[in-house]
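Before any comments, here is the structure.
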Amino acid sequence: MTLPVIGAALMVPELATYHDWLFEKNRDLEIQSFADPALLASGDWQPLVDEAKRQLDGFAGRYGIHGPFWGLSFANPDPEIRAVVTRRMAQGLDICEALGGSHMVIHSPFTTWDHHNLSTYPGGLARVTEWVHESLGAAVTRAENAGITLVLENIEDIDPEARKELVQSFGSEALKLSIDTGHAHYAHGSTGAQPVDYFVRSAGDLLGHVHLQDADGYADRHWSIGEGTIRWHEVFRAIAATGANPRLILELRNRADIPRSMAWLESRGLGQ
């Protein structure tokens, strides 16, 4: 059996440190420098793109960016704020295209409050869906034309099916699902969600991206793999069962833990 190849989320200055590791297997890569609100507000991101492209010269793996997300909800009821969200998504795609990236991570709009309250308001879910389409629709169309995949990451999500149905409502191959294992484990432990592998199985062939991080079910830890309580063998069985080919990205708080996480996964026959 061929083990899945694992990649990582890095900042542009970290690319040199992990150059050889990335290039040896053309690992999946996610560059996270471009989610910085100050950088986006200044508009001065081109030098960072140029440096990333220099570091990635000759790289044949899949790579993309974490898109803008701080304070940006696709489901904001205020139309003027939704317009700001739309502009930030366009800016993220400007960066992704300039970089030559193939994916951009964006964040789910669903909150814990939504899970417990939307159904008490007539048409509540339909309004949220409409607002998300208004905020994100132009970005989805542009991503289709640019060959970029937007991947919608679970944040506070309790019911993975709700986010899946939202993605399906766009009817676009340019919008897929992302699973953050630590976020799902937090939701399982603290808000009564299903276990991490259930999130993966729910995604099915819409799974385009996975953030791999360990946690304790209480908070968003981003610990090294093996330090927390996620049942990793079942998570990887679930990923294989989807039949998808998602980007597998270590998203660790301490990037120096990448070798340790890889050693843990390799020793258990889960990844390479």
If two hydrophobic side chains count as joined below 4.5 Å and joins carry through other members, does [X] share a cluster with [Y]?
X: V85; Y: V132; answer: yes
X: I65; Y: W45; answer: yes
X: I106; Y: V151; answer: no
X: V105; Y: L10; answer: no
X: L175; Y: I148; answer: yes

Shortest non-hydrogen separation from [X] to [Y] and the atoms involved:
X: A215; Y: A219; result: CB-O, 3.8 Å
X: D44; Y: L39; result: O-CD1, 3.3 Å
X: E144; Y: S172; result: OE2-OG, 2.5 Å
X: A241; Y: R201; result: CB-NH1, 3.8 Å
X: D114; Y: P109; result: OD2-O, 3.5 Å
X: R82; Y: S135; result: CD-OG, 3.3 Å

Could you check if a side-chain atom of [X] sits within less than 4.5 angstrom of a side-chain atom of [Y], using non-hydrogen atoms only?
X: L250; Y: D257; value: no
X: I31; Y: L48; value: no
X: T129; Y: L166; value: yes
X: L136; Y: L150; value: yes
X: L212; Y: F236; value: yes

The single option from H209, Q213, H107 that satisfies side-chain hydrogen bond (donor to acceptor under 3.5 Å, both in side chains) with D180 is Q213
- request: Using the six-membered ring of W264, assess whether NZ or CZ of R260 lies under 6.0 Å from its centre and within 45 degrees of the ring axis.
  value: no
Can you check whether [Y]'s main-chain N or O pairs, donor with acceptor, with [X]'s side chain at less than 3.5 Å?
X: T181; Y: H211; result: yes
X: D36; Y: F34; result: no
X: E156; Y: T112; result: yes
X: H188; Y: V196; result: no
X: T149; Y: E173; result: no
X: H183; Y: N154; result: yes
X: R163; Y: L152; result: yes
X: Q272; Y: L3; result: yes
X: Q91; Y: L40; result: yes
X: R253; Y: W223; result: no

For V84, the other hydrophobic cluster members (4.5 Å side-chain criterion, sorted by chain and number) are none
Under 6.0 Å between ring centres: does that hold for F170 and H133?
yes
Do other residues, nucleotides or ligands put more than 12 heavy atoms under 6.0 Å from the [atom1] atom of [X]?
X: E161; atom1: CD; value: yes
X: Y198; atom1: OH; value: no
X: Y218; atom1: OH; value: no

What donor-acceptor contacts under 3.5 angstrom involve side-chain atoms of residues 69-79, with partners at least two apart or in another chain?
| unit_1 | atom_1 | unit_2 | atom_2 | d |
| --- | --- | --- | --- | --- |
| S73 | OG | A75 | N | 3.1 |
| N76 | OD1 | D78 | N | 2.9 |
| D78 | OD1 | E80 | N | 2.9 |

Sorted by chain and residue number, the side-chain contact (heavy atoms from CB on, under 4.5 Å) partners of S102 (sequence neighbours excluded) come out as R62, R247
Atom [atom1] of [X] and atom [atom2] of [Y]: how far apart are they, to the nearest 0.5 Å?
X: L99; Y: M104; atom1: CG; atom2: CE; answer: 12.5 Å
X: D50; Y: Q46; atom1: CG; atom2: CD; answer: 4.5 Å
X: E266; Y: S261; atom1: CD; atom2: OG; answer: 10.5 Å
X: F199; Y: H185; atom1: CZ; atom2: NE2; answer: 11.5 Å
X: I158; Y: T191; atom1: CD1; atom2: OG1; answer: 4.0 Å
X: I249; Y: Q32; atom1: CD1; atom2: CD; answer: 8.5 Å

- Item | Residues D197, R231: salt bridge by 4.0 Å N-O rule | no
- Item | Presence of salt bridge, E130 and R127, under 4.0 angstrom | no
**Report entry** Y18 and W21 aromatic ring geometry - parallel, tilted or perpendicular at 30°/60° bounds
**Finding:** perpendicular
Please lay out, stage by stage, how R142 and D94 fare under the test salt bridge (Lys or Arg N to Asp or Glu O under 4.0 Å). CA-CA 10 Å; R142 179 174 169 184; D94 287 342; 2.6 Å; yes
Note to self: Could you go through F110 and L125, starting from their C-alpha distance and side-chain angles, then the distance that decides it, and tell me whether this counts as side-chain contact (heavy atoms from CB on, under 4.5 Å)?
What the structure shows: CA-CA 10 Å; F110 290 116; L125 181 58; 3.9 Å; yes
Point to revise | Evaluation steps, side chain to side chain donor-acceptor pair (under 3.5 Å), between D214 and W232 | key: CA-CA 9 Å; D214 218 336; W232 287 107; 3.0 Å; yes
